[in-house]
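The structure appears below as structure tokens.
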Amino acid sequence: MCLTNIEKITPQEDIICYKLFVIDPKVCDSDMRSPFYSKSWKIGKMETLKRNTPTVYSSYYNGHKSHKIQGGAYHSYQNIADIPVEFLLCFDFVVCKCIIPKSSKYVYSGYNNENENSKGYASQKLKPVEIVHVDKCELFKMLYYANLSNN
């Protein structure tokens, strides 16, 4: 995960965030799994990584500095609008509202994707609380009309 503007924080209260999951009973015996890793998740169950804090590594690519989180972190988005549209339109993915508890260390940052203002978290603890309905038909309409106005 590439990040920018990294800021390490210990929250004073629970933080609401959003994470992508896949629900596929053929693939996992749990409620959900992470689409990019095989970790199984359940609604209402707090997940905690053993490592105390996310580890941030800096690197340079084509002259631009980027940061990567290496282990010790569950990745999530600040808002649904921060999730790249191509993920929201993928019918295999669902969006889940989650909580980063106030006891968890986390990194808050911008993502390197098409939305330069996109914000996200990399946290030590994460609890999925409910699946959020995202109207994919409305997303298709918004993209269609945005493309018409750009041409």
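Residues take their numbers from the sequence shown, with the count starting at 1. Computation of the quantities below employed the complete heavy-atom set of this structure, encompassing side-chain atoms and omitting hydrogens, waters and symmetry-equivalent molecules.
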- Would you call F93 and I83 a side-chain contact if the rule is heavy atoms closer than 4.5 Å? no

- Quick one: does V129's side chain get under 4.5 Å of I16's, heavy atoms only? no

- Message: Show the nearest heavy-atom pair for residues V95 and V134, with the distance to one decimal.
- Response: CG2-CG2, 3.8 Å

- Item | Closest approach of I100 to C17 (non-hydrogen atoms, all atoms of both residues) | CG1-SG, 3.8 Å

Approximate separation, where rounding is to 0.5 Å, of [X] [atom1] and [Y] [atom2]:
X    : Y    : atom1 : atom2 : result
S104 : M46  : OG    : CE    : 8.0 Å
K119 : N79  : NZ    : CG    : 11.0 Å
Y74  : K19  : OH    : NZ    : 9.0 Å
T48  : K125 : OG1   : NZ    : 5.0 Å
I43  : M32  : CD1   : CE    : 4.0 Å
F87  : Y77  : CZ    : OH    : 5.5 Å

- Could you check R33 against F21 for side chain to side chain contact (heavy atoms under 4.5 Å, CB included), going step by step and ending with a plain yes or no? CA-CA 6 Å; R33 70 174 175 84; F21 289 104; over 6 Å; no

- Item | Enclosure of K127 NZ (heavy-atom neighbours >12, cutoff 6.0 Å) | no

- Task: Please assess L126 against W41 for the test side chain to side chain contact (heavy atoms under 4.5 Å, CB included), listing each intermediate value before the final yes or no.
- Result: CA-CA 10 Å; L126 193 65; W41 295 74; 3.9 Å; yes

